[in-house]
Each structure stands twice: as C-alpha cells, then as structure tokens.
Amino acid sequence: MKIEIAGQNAFIVYFADQTSAAVSAKIQAAVDNILTNMADCIVDLVPSYASLLVIFDLDRSDPFAMRQRLRVALAELDSVDGGAGDLVTLPVYYSLESGPDLEVIAERGNLSVEAVIDIHQQQEYRVYAIGFAPGFAYLGEVDERISAPRLATPRQKVPRGAVAIADRQTAVYPAVSPGGWNLIGLCPTRMFDPASDPSMPVKVGDRIRFSAIERARFLELGGEL
Amino acid sequence: MSGFTVTQPGLLSLLHDRGRYGAHKLGLTTGGPLDFIAFDWANRLLGNHVNATCLEISFGGLQLQADIDTSLVITGATASCKLNGDNIQQWHTRDIKKGDELEIGFASAGTRVYLAVTGGFAITPSFGSSSTVLREKIGGLNGDKLQAGDYLPCTPAQLSKHCYLPLRERPVYGDQATLRVVSGYQQSAFNALQQWRFFNSEYQLTDRCDRMGFRLEGESVHSEVVGMLSEGICLGAIQIPADGQPIVLMNDRQTIGGYPKIGSVIVEDTPRLAQLSPGFHVNFEAISIEQAHNIHCLAHARFQRSTPLPC
C-alpha cells in the first residue's frame, strides 16, 4: 500500500497494481474506517479499482497530520477482513430485441446467444468503481469467453438500463447517453434516481448477480422498450 | 414568493453554492463556483452564509427584473453593470427595488461574474447542494442553465449599511497566469526531461475550455505510463493524454479517469485559470506540499483580515 500526494488537499492511496475482489473489499473497508475515524476533516472520497482518493479540508487539517492519520487508519485494516459486500441481484431482459450486440459477442466466442446469456449470469461481479456518469457502476470481471472490445464507433444513444460489456467489465447504463459498450440486454432497475433514497441500488464493493427475466416481467417492473 | 425574473439569460449563467461534497461515491462531481474567491467575496460583502447560492455568469449578457426589495453585489470579472440604465459599480453592495432592471454586460477582463443577493437565492438542494452541473442535470433550476423567463426566488432583506471592497484587495484579471503545481499522482512516470519541458514552457488556452476542464496547447509532454486503472481525480489535476497536451481538470470534472497526471494546480490558483480566455497563456511552477499549505494559510488569513469599507 502506498500513500501518494494527489494535490494540495488530496492524497491517493494505491492498494495494489491490479484490481481483484480482495483489493476491492479492502478499499471498501478503508472507506468505512476513514469515514468513521476521520470524518472531521474529510471532504470526499473516491474509491476506484485499486486506489482511494482522499480529499481533505485544508481549513481543518494539513497534509502532514492527514498523512499520519491515514497511515494509522490503513494500518488498522491489516487486522480487518475486507467486508464481503452486499449481494445485489439485478434482473435483465436478455434478447436480440434488447441486446443488439448479443450475436456479435456470440460469434466472437464461438458460442450460442443462449450460452452468452448464461455465462453473463454465472459470474458474481464486484462493483469496482462508480463514475463516468452519475450511477454508472463498473463491474468486474466478465468471463473471458464473452469479453468484447468497445465498439469502433460509439452509439449516439444508448438507452437507460442497457446492460453492456466492454473488455472484461460489465455495467448498466443509468441514463440515456452516448456509449461504446456492447449491449446485451436491458435492466428495469433504476441505477440512479435522484428522487429515491438511496439513489443507487449498489455501492462500490458490493457483489452483483444478474438474473434473466422475460419480456412481460421486464415491462411489469417498469422497463421500457 | 418574491425574487427575480430572467429577461436575458446570458451565455451560461448557473446557480451555485460552494459545491457538492460527499456524493463522489454516486459518481457526482463537485460543481461549485469556478472562481471561489470572487464568489466568497460576494457572499461576505452581503453578510451571507459562506454557502449561500449565487449566480455564476460566464462571459456576461444577463438581464434580470427585480420583483423584490433586496440588496445585491456583483463581483468577479469586470463587466459593465447597469441598474435601470445607470452604471453601477462592482464589488459595492447596493439596494434594488421591485421593478428595477439589472443588466450585466459582457466581461471585459476575466470571464466569470458573480451576483449575490441578501440571503442567497432560495434553491432546493440536490444531494446537499444547489450547484448546477449541466452534464449531470442536477442542481439549480431543474439541472439547467438559466433560461429567459426563469424565476429566481429569494427573500426580501435590505442591508442597513452598505460597503465595498477597496480596489487593492480585489483580484486582478489579466491575460496570463503562473499556476502553482504540487507534483503528485503519476509524476514519477514523467522523466526529468519531460518535467523540465512541462515546467519551463508556456501553454495557451484552447477554445476547448469549460467547467469540466481546460485544454491547453504547447510543448508536448510524455510519460512512460501505458494503460492505467481509472482512479479518483481531484480539483486542478493535470491530466496528460497520449497527445502530450495538458488538460487541467476543473469543478465539473468526471470523478474518475485513466489518463496519467503530473500533479495538480493548487486550489488557490484554479480561479485564476478559470478567469482566463482562450488564447491567453499560462505556465506552471512546481512547489512543495509544504509551500502549498503555507499559500493556503496565507490566503485564508488574508481573506479574514481584508475588511470591506463602508460606502
């Protein structure tokens, strides 16, 4: 673990060179510990794949005290098992209608469309990071057999709820936006809803499973085609 | 309800408090005033709470009609400001009455003008803040910039004593700036020659400068980083993509990103960058984290010590 300067009021903690479920769990434990013990001087935290950005209040602390307190908070983690993370199941309507790139992924992997859908559901994913847009959760890791590079030309408009794959990551688009990921289905669960509390069904460190639903159920759950 | 009607919205007028904090975990950015120094002065001159909601008027062109008796102040970039057609001075508090017309012309020095009213604009916060972030459609009035016909609600309250900030205490908005940088992030992946080039070259602001980031053009700089994991980005972080041209990330930056960064412009200097226009120049000066901390403490003390004078 390395604590590096990010800026005048921020440190970035690197937990590892690569991401993994264990690294992700450790970062989540660090977030909890810092929010519990250092709330007086923390402005915001940004957990990501293998790092944690710690932004502090320049008027309530200084870089020297902060680095020291961070060291203590992180040292305590060695004796703590990273939290298992909550398990969240997201329903998905997989079909050629809702997942225009299913066939391309099937062809790439020499698989049937059904096999692609099965493989996507078999894995338990971790929320490694949230960013790009409000509520956009990066989930890993996708089985190599169904991984696929980003589209050469991103789509102008990806629908809200689109379940997508890029390399070994998968995600659900929280809102209509441009996007270059491969679309395999639609999820009726709102990934970001400012009017709800909590506004997101998942957080960094959670475990995610996808579960296939029929078209009728998708519509019943509020999905739109 | 009382307040102001927007008759001309200007190019980009946004409601902001000091910014949205604690919501990075949802992927929400900070927002907040690009020039927090001018913003803080606007609230302080009126005796407002430090987090009161003001208007950030980028490049000017705003016209409002008052439907309220209140006091206001205009700070930030220099622009011709008129009340019912008569010039009024910036950095001076003054009263405004129901029916008055306020006009803020286009900025002649600097780019961001701030307008505060007594008590601040009454905007329902989203995720703890009224700051408008267009990309996220959050904050302000329905997450949007001001439109003609919008109504800006606030509570009537006139000051009993008016004041102004003397000229010597005000920021100067020029056409270049030296931005102080704390080295950090992937700094060690930039070799000595690349760092020398970066800190000894002049960069020009391109026309791709917005609330997310300021793209600069000049001597190209390269790192040895190949493919990195996305990580959290702080205000002022200097991202250097493959083309070697730096981007200084500002208030509406994405919260995570995967480009190498050589360090970060200190918080005190991002407002100076924000007040520059495309075509203007900056250069970067490396300072230690200790110096950066001293600069912050001195700036804080100076703000506390500076006293507005009675009108």
Side-chain angles (χ1 to χ4, degrees), chain A residues 4-14 16-19 23 31 35 39 42-59 61-64 66-67 127-138 169 174-175 177 191-192 194-195 198-200 202-205, chain B residues 19-30 126-127 133 135-139 143 180-188 228-238 249 253-258 261 263-270 287-297 299-300:
Chain A
E4 302 266 1
I5 291 169
Q8 181 191 25
N9 64 343
F11 284 101
I12 185 157
V13 186
Y14 293 108
D17 294 333
Q18 283 307 318
T19 187
V23 168
V31 167
L35 288 179
I42 296 297
V43 170
D44 217 333
L45 298 173
V46 188
S48 190
Y49 292 92
S51 65
L52 174 63
L53 180 71
V54 180
I55 306 168
F56 61 94
D57 188 338
L58 284 168
D59 296 327
S61 189
D62 62 71
F64 324 107
M66 273 299 297
R67 192 192 275 270
V127 181
Y128 282 135
I130 292 171
F132 167 63
F136 194 98
Y138 292 85
Q169 302 189 86
S177 74
M191 295 303 285
F192 181 70
S199 44
M200 282 189 69
V202 304
K203 57 185 184 301
V204 172
Chain B
R20 187 168 287 109
Y21 299 96
H24 280 341
K25 60 176 182 280
L26 304 172
L28 295 175
T29 192
T30 335
S126 311
F127 299 96
V133 178
R135 177 166 52 82
E136 297 172 347
K137 301 188 182 69
I138 281 183
R180 291 160 294 185
V181 172
V182 175
S183 296
Y185 280 117
Q186 289 74 35
Q187 170 237 346
S188 56
M228 56 174 274
L229 294 172
S230 281
E231 61 186 26
I233 303 171
C234 65
L235 177 67
I238 306 159
L249 295 160
R253 66 197 176 279
Q254 290 187 346
T255 54
I256 59 172
K261 298 168 284 303
S264 301
V265 174
I266 64 170
V267 174
E268 275 70 33
D269 285 353
T270 54
I287 60 167
S288 67
I289 187 83
E290 290 84 1
Q291 287 171 306
H293 188 63
N294 282 344
I295 290 166
H296 174 77
C297 293
H300 185 77

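Note on naming: letters A, B, ... go to the chains in the order of the sequence lines (proteins, then strands), and numbering restarts at 1 for each one.
Here A:Ser48 contributes atom OG and B:His24 contributes atom NE2; the two are 12.5 Å apart, rounded to the nearest 0.5 Å. Between atom CD of residue B:Glu290 and atom CZ of residue A:Phe64 there is a gap of 4.5 Å, rounded to the nearest 0.5 Å. Remark: A:Leu58 CG to B:Ile295 CD1 distance equals 11.5 Å, nearest 0.5 Å. Atom CD1 of B:Ile256 sits about 11.0 Å away from atom CG of A:Leu53, to the nearest 0.5 Å. Between the CD1 atom of A:Ile12 and the CD atom of B:Glu231 there is a distance of 3.5 Å, given to the nearest 0.5 Å. Rounded to the nearest 0.5 Å, atoms NZ (A:Lys203) and CG (B:Leu26) are 11.5 Å apart.
Proximity to chain B (any heavy atom under 4.5 Å) is restricted, for A:Tyr14, to the side chain, taken from C-beta onward. Using a 4.5 Å cut-off between heavy atoms, A:Ile55 contacts chain B through its side chain alone, with no backbone atom that close. For chain A, no part of B:Arg180 is nearby; none of its heavy atoms comes within less than 4.5 Å. Interface residue A:Ala133: only backbone heavy atoms are found under 4.5 Å from chain B. With a 4.5 angstrom heavy-atom cutoff, B:Gln187 does not touch chain A via any of its atoms. Looking at A:Tyr128, neither its backbone nor its side chain comes within 4.5 Å of chain B, counting heavy atoms on both sides. Using a 4.5 Å cut-off between heavy atoms, B:Ser183 touches chain A through its backbone atoms (N, CA, C, O) alone. Looking at B:Ser230, the atoms closer than 4.5 Å to chain A (heavy atoms on both sides) sit in the backbone and in the side chain alike. In this structure, chain A has no heavy atom under 4.5 Å from any part of B:Ile287. The contact between A:Asp59 and chain B is made by backbone and side chain atoms together, counting heavy-atom distances below 4.5 Å.
Looking at heavy atoms from C-beta onward, B:Leu28 lies in side-chain contact with A:Pro134 at the 4.5 angstrom threshold. Side-chain contact between B:Gln254 and A:Phe132 is present, with heavy atoms from C-beta onward closer than 4.5 Å. With contacts defined as side-chain heavy-atom distances shorter than 4.5 Å, the pair A:Met200/B:Lys25 does not qualify.
No side-chain donor-acceptor contact under 3.5 Å links A:Asp62 and B:His296.
Of all the listed residues (B:Leu235, B:Leu229, B:Ile238), the one sharing the greatest number of non-hydrogen pairs under 4.5 Å with chain A is B:Leu229. Of the listed residues (A:Ile130, A:Ile42, A:Leu45), the one with the most heavy-atom contacts under 4.5 Å to chain B is A:Ile130. If you tally non-hydrogen atom pairs under 4.5 Å between each of A:Ala129, A:Ser199, A:Ala10 and chain B, the highest count goes to A:Ser199.
For B:Phe127 and A:Phe192, the gap between ring centers is short of 6.0 Å.
Side chain of A:Glu4 to backbone of B:Tyr185: no donor-acceptor contact under 3.5 angstrom is found.
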